[in-house]
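Please read all numbers here as calculations on a predicted model, not as lab measurements. Within every chain, numbering begins at 1; the chains are lettered A, B, ... in the order of the sequence lines, protein sequences first and strands thereafter.
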2 protein chains.
Amino acid sequence: MLITANPIEHLQSHGIKPSPQRIAVMDYLLNSRMHPTADEIYLALSPSMPTLSKTTVYNTLKLLVEAGAVLNISIDEKNARYDGDTRPHAHFRCLKCGAVLDLYPEQVPYLEQIDRQQLGRLRIVQTRLYYIGYCEQCQEHTSN
Amino acid sequence: MLITANPIEHLQSHGIKPSPQRIAVMDYLLNSRMHPTADEIYLALSPSMPTLSKTTVYNTLKLLVEAGAVLNISIDEKNARYDGDTRPHAHFRCLKCGAVLDLYPEQVPYLEQIDRQQLGRLRIVQTRLYYIGYCEQCQEHTSN
DNA sequence: AGTACTTTTGTACTCATTACAAATATGTAC
DNA sequence: GTACATATTTGTAATGAGTACAAAAGTACT
């Protein structure tokens with residue numbers, strides 16, 4: 001479970017006016033640990049919000065990322081993924097099944113230090129730490 | 001300057017048969033610190049190799065990455081970038097000018113530890129550490 | 001110089017994402 | 001509440017990175 005359960009408050013605390021579409025996208029991201037793509041979000045919300053447009057999903061995600069309410073994950077070369085959990089954490093992608101998993105500071109020694117690093121005169125806005133390999137299940141089933 | 005100056009040896013040491021096109025791409029990556037995109041590589045090599053096809057650049061890059069001779073950098077959402085330096089190091093991208101810079105272990109405390117981490121039963125093949133923000137020059141010229 | 005295999009090339013295609021302009025909703029002043 | 005300005009959403013068309021595919025060119029081996 002995440003810190004903020006309420007999508008409306010989460011939007012407002014990041015200075016975003018909560019429209020029904022924005023609430024739906026934010027709510028979906030706050031309650032998913034699947035790191036969905038824009039298309040997956042659209043497909044998930046369409047049934048209960050039939051007039052929703054894919055463009056709105058893209059626009060909303062852009063807005064949320066720029067406001068810092070959501071993280072953009074570039075671990076998957078094919079397409080962008082999104083994460084409603086903005087606390088510092090790393091991600092792992094399985095080369096076989098494609099799953100993207102969260103790795104929290106308890107599981108990744110030095111993650112906190114790496115995340116809040118001062119690097120010379122660079123002004124760091126965001127840190128991304130990605131691990132790529134084979135998850136437990138995918139190691140069992142293959143020689144790869 | 002990099003460890004291996006010779007593109008042919010570098011290819012062979014990764015089990016890749018050196019064709020003229022592969023040598024050209026490898027040579028370009030070994031002597032560039034710009035982290036070029038496939039298109040930038042194509043444009044750079046075209047003049048001296050007029051028959052070169054963009055498909056060949058893509059094919060070659062895929063081959064080089066799979067053989068571990070080159071790194072794929074996913075820090076730039078728009079398109080993939082490539083790095084001929086396969087030693088462990090992090091990358092920084094400037095949100096204003098778009099430059100992608102190398103950050104070596106001397107500049108990033110804990111990078112070595114983060115890179116060779118054992119994470120439970122996950123089998124890690126590659127670690128990617130990206131910092132995003134504003135470079136020195138771009139901070140000077142704006143309020144951002 | 002002939003056959004099998006590898007590599008390169010060009011064209012056509014896919015598909016994530018964006019541009020754009022019309023339509024709808026929301027807020028505010030009278 | 002109704003008219004006007006502004007913000008948001010929507011659908012369609014375009015963009016552009018990357019891939020599929022099959023023909024052409026190159027290489028190796030006999």
Side-chain angles (χ1 to χ4, degrees), chain A residues 7-8 11-12 14-28 34-67 69-82 93 98 100, chain B residues 7-8 11-12 14-29 35-67 69-82 93 98 100:
Chain A
I8 298 179
L11 290 172
Q12 286 171 335
H14 287 86
I16 297 171
K17 201 195 296 185
S19 71
Q21 291 84 345
R22 291 170 182 176
I23 296 168
V25 170
M26 192 68 246
D27 187 53
Y28 187 73
M34 313 254 33
H35 311 92
T37 64
D39 198 58
E40 285 165 354
I41 296 170
Y42 171 73
L43 291 175
L45 299 181
S46 277
S48 54
M49 196 178 241
T51 69
L52 181 67
S53 152
K54 204 177 278 190
T55 300
T56 299
V57 175
Y58 277 104
N59 290 343
T60 301
L61 288 169
K62 189 177 199 175
L63 189 73
L64 295 176
V65 169
E66 279 166 7
V70 151
L71 294 182
N72 180 324
I73 305 176
S74 61
I75 199 175
D76 179 351
E77 353 270 12
K78 291 277 172 198
N79 40 30
R81 298 185 166 274
Y82 297 89
R93 176 165 61 90
V100 175
Chain B
I8 299 179
L11 290 171
Q12 286 171 335
H14 287 87
I16 297 172
K17 202 195 296 185
S19 71
Q21 291 84 345
R22 291 170 182 176
I23 295 168
V25 171
M26 191 69 248
D27 187 52
Y28 187 73
L29 284 171
H35 312 92
T37 63
D39 199 57
E40 286 166 354
I41 296 169
Y42 171 73
L43 291 175
L45 299 181
S46 277
S48 56
M49 196 177 242
T51 69
L52 181 67
S53 153
K54 203 176 280 191
T55 301
T56 299
V57 175
Y58 277 105
N59 290 343
T60 301
L61 288 169
K62 189 176 198 174
L63 189 73
L64 294 176
V65 168
E66 279 167 6
V70 152
L71 294 182
N72 180 323
I73 305 176
S74 62
I75 198 174
D76 179 351
E77 354 270 12
K78 292 278 172 197
N79 40 31
R81 298 185 166 274
Y82 297 89
R93 176 165 60 90
V100 175

Considering every strand and a 4.0 Å limit on heavy-atom distances, what is the contact class for B/Ser19: base, sugar-phosphate, or nothing? sugar-phosphate
May I ask you to say what B/Thr51 touches in the nucleic acid, namely base, sugar-phosphate or nothing, with a heavy-atom cut-off under 4.0 Å? sugar-phosphate
Restricting to side-chain hydrogen bond (donor to acceptor under 3.5 Å, both in side chains), what partner residues turn up for B/Asn59, sequence neighbours left out? none
Testing the basics here: between A/Asp76 and A/Arg93, what is the closest heavy-atom pair and its distance to 0.1 Å? CA-NE, 3.9 Å
Validation row: [X], [Y] side chains within 4.5 angstrom (heavy atoms):
{"X": "A/Lys62", "Y": "A/Glu66", "value": "yes"}
{"X": "B/Lys78", "Y": "B/Thr37", "value": "no"}
{"X": "B/Thr60", "Y": "B/Ile41", "value": "no"}
{"X": "A/Gln21", "Y": "A/Val25", "value": "no"}
{"X": "A/Val100", "Y": "A/Met34", "value": "no"}
{"X": "B/Tyr82", "Y": "B/Asn72", "value": "yes"}

Note: chain A reaches DNA chain D at heavy-atom distances under 4.0 Å over the stretch, first to last nt, 5' to 3', of D/dA7 to D/dT12
Pick out the pairs of N or O atoms, protein on one side and nucleotides 11-15 of chain C on the other, that lie under 3.5 Å.
residue: C/dT11; atom: O4; partner: B/Thr55; partner atom: OG1; Å: 3.3

So which one's nearest nucleotide on DNA chain C is more toward 5', A/Ala80 or B/Pro50? B/Pro50
Hey, which sits more toward the 5' end of DNA chain C by its nearest nucleotide, A/Asn59 or A/Ala38? A/Ala38
Interface polar pairs with nucleotides 26-29 of chain C, N/O, under 3.5 angstrom:
none

May I ask you to verify if any side-chain N or O of A/Tyr58 is less than 4.0 angstrom from the OP1 or OP2 atom of C/dT18? no
So, is A/Gln21 near the phosphate of C/dA25, with a side-chain N or O under 4.0 Å from OP1 or OP2? no
Residue pairs meeting salt bridge (Lys or Arg N to Asp or Glu O under 4.0 Å), one or both in residues 35-60 of chain B, sequence neighbours left out, come to B/Asp39-B/Lys54, B/Glu40-B/Arg81
Taking only heavy atoms on the protein side, list every residue of residues 41-49 of chain B lying under 4.0 Å from any atom of DNA chain D, sorted numerically. none
